[in-house]
Amino acid sequence: MPAFAVDWEGLIVAFESRSHQITHFFDRQTGDVEQVLERDAARHSAMAGDARYVAVPRDHGERSRGDLEEFLARCEDPACQRELSAALGSAEFAAGYRETLMRFPKEECRFFQFKERRAQERAEAWLASIGVDFEKPAHREHPGASQVNRPVH
């Protein structure tokens, strides 16, 4: 059992963040996640130079497309699936994907649950890679989550 509880909510937020104005630091001693604005250069530098803190990896878009493609295979609404597929083929695929999901509220809900679950998996893998001993959190059950977790046929 770890000496501290991991701030799973903060870590998931950090893994879902696309902001280039904020760096999230994981505190190896407490399990907390600290948000530091890039413009706070002194604090940013101090935390980056302290072995107690580890910057949570930034997403530069490499995860986004893969997640969108993976969710597409799980989409249950045929009309939504067709539109999501078309959006992925466009130059502005992320914006088109978002706009499509907004027209299909049930799939949009399932997508956000899927993204949260993927962020959790990334956070767990990252913690293991930096040698942090942790207990997996109890997964929260969202309305409709049983449909999100159904296997794809």
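These numbers were taken from a predicted model, which means no experiment stands behind them.
- Lys106 places none of its side-chain heavy atoms less than 4.5 Å from the side chain of Asp77.
- Counting only heavy atoms from C-beta outward, the side chains of Val33 and Val13 never approach each other to under 4.5 Å.
- Side chain of Gln81 to main chain of Glu76: no donor-acceptor pair is present (N/O by atom type, distance under 3.5 Å, no hydrogens or angles).
- Side-chain contact between Trp126 and Val54 is present, with heavy atoms from C-beta onward closer than 4.5 Å.
- Side-chain atoms of Glu124 and Gln120 form a donor-acceptor pair, as typed in the model, at a separation below 3.5 Å.
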**Report entry** Derivation and outcome, side chain to side chain contact (heavy atoms under 4.5 Å, CB included), residues Phe111 and Arg74
**Finding:** CA-CA 9 Å; Phe111 176 73; Arg74 298 167 184 252; over 6 Å; no
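- Under the 4.0 Å criterion applied to side-chain N and carboxylate O atoms, Arg122 and Asp67 are assigned as salt-bridge partners.
- Arg39 CZ to Ile22 CD1: the interatomic distance, rounded to the nearest 0.5 Å, is 9.0 Å.
- Pairing each heavy atom of Thr100 with each of Cys80, the nearest pair is CG2-O, 4.1 Å.
- Glu83 pairs with exactly one of Glu99, Arg103, Glu107 by the side chain to side chain contact (heavy atoms under 4.5 Å, CB included) rule, that one being Arg103.
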**Report entry** Stepwise side chain to side chain contact (heavy atoms under 4.5 Å, CB included) check, Asp7 with Phe26
**Finding:** CA-CA 9 Å; Asp7 174 8; Phe26 177 77; over 6 Å; no
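- Taking every heavy atom of both residues into account, Gly96 and Ala87 meet most closely at C-CB, 3.6 Å.
- Both Trp8 and Val132 are members of a single hydrophobic cluster when ILVMFWY side chains are connected at heavy-atom separations under 4.5 Å.
- Look at Glu69 and Arg65 and you find a salt bridge, because one of the NZ, NE, NH1 or NH2 atoms lies within 4.0 Å of a carboxylate O, short of that distance.
- Put simply, CZ on Arg110 and CD on Gln113 are 8.0 Å apart, with the number rounded to the nearest 0.5 Å.
- Under the 6.0 Å cut-off for aromatic ring centres, His24 and Phe15 do not qualify, their centroids lying 6.0 Å or more apart.
- Taken from OH in Tyr97 to CE in Met102, the straight-line distance is 15.0 Å, to the nearest 0.5 Å.
- Minimum heavy-atom separation, Ala14 to Val56: CB-CG1, 3.9 Å.
- Here the CG-CD distance, from Asp40 to Gln35, works out to 12.5 Å after rounding to the nearest 0.5 Å.
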Query - Test side chain to side chain contact (heavy atoms under 4.5 Å, CB included) applied to Val36 and Met47, step by step - result: CA-CA 9 Å; Val36 180; Met47 291 181 88; 3.4 Å; yes
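- Both Leu84 and Leu68 are part of a single hydrophobic cluster, where members link through side-chain heavy atoms under 4.5 Å apart.
- Rounded to the nearest 0.5 Å, atoms CD (Glu34) and OG1 (Thr23) are 12.5 Å apart.
- The two residues Phe134 and Ala128 have their closest heavy-atom pair at CE2-N, 3.9 Å.
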Report task. Run the numbers on Val6 and Leu11 for side chain to side chain contact (heavy atoms under 4.5 Å, CB included), then give the verdict. Result -> CA-CA 8 Å; Val6 171; Leu11 205 49; 4.0 Å; yes
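- Note on ring orientation: taking the six-membered ring where Trp is involved, the planes of Phe114 and Phe71 are tilted (angle from 30° to 60°).
- Listed for the Ser45 side chain is no donor-acceptor partner under 3.5 Å among the backbone atoms of Ala42.
- Within the 4.5 Å cutoff, the side chain of Arg52 has heavy atoms near those of the Thr30 side chain.
- Salt bridge status for Arg58 with Glu38: present, with a side-chain N to carboxylate O gap under 4.0 Å.
- For the pair Leu101 and Phe112, the minimum side-chain heavy-atom distance is 4.5 Å or more.
- With salt bridges taken as basic N to acidic carboxylate O contacts below 4.0 Å, none links Lys115 and Glu16.
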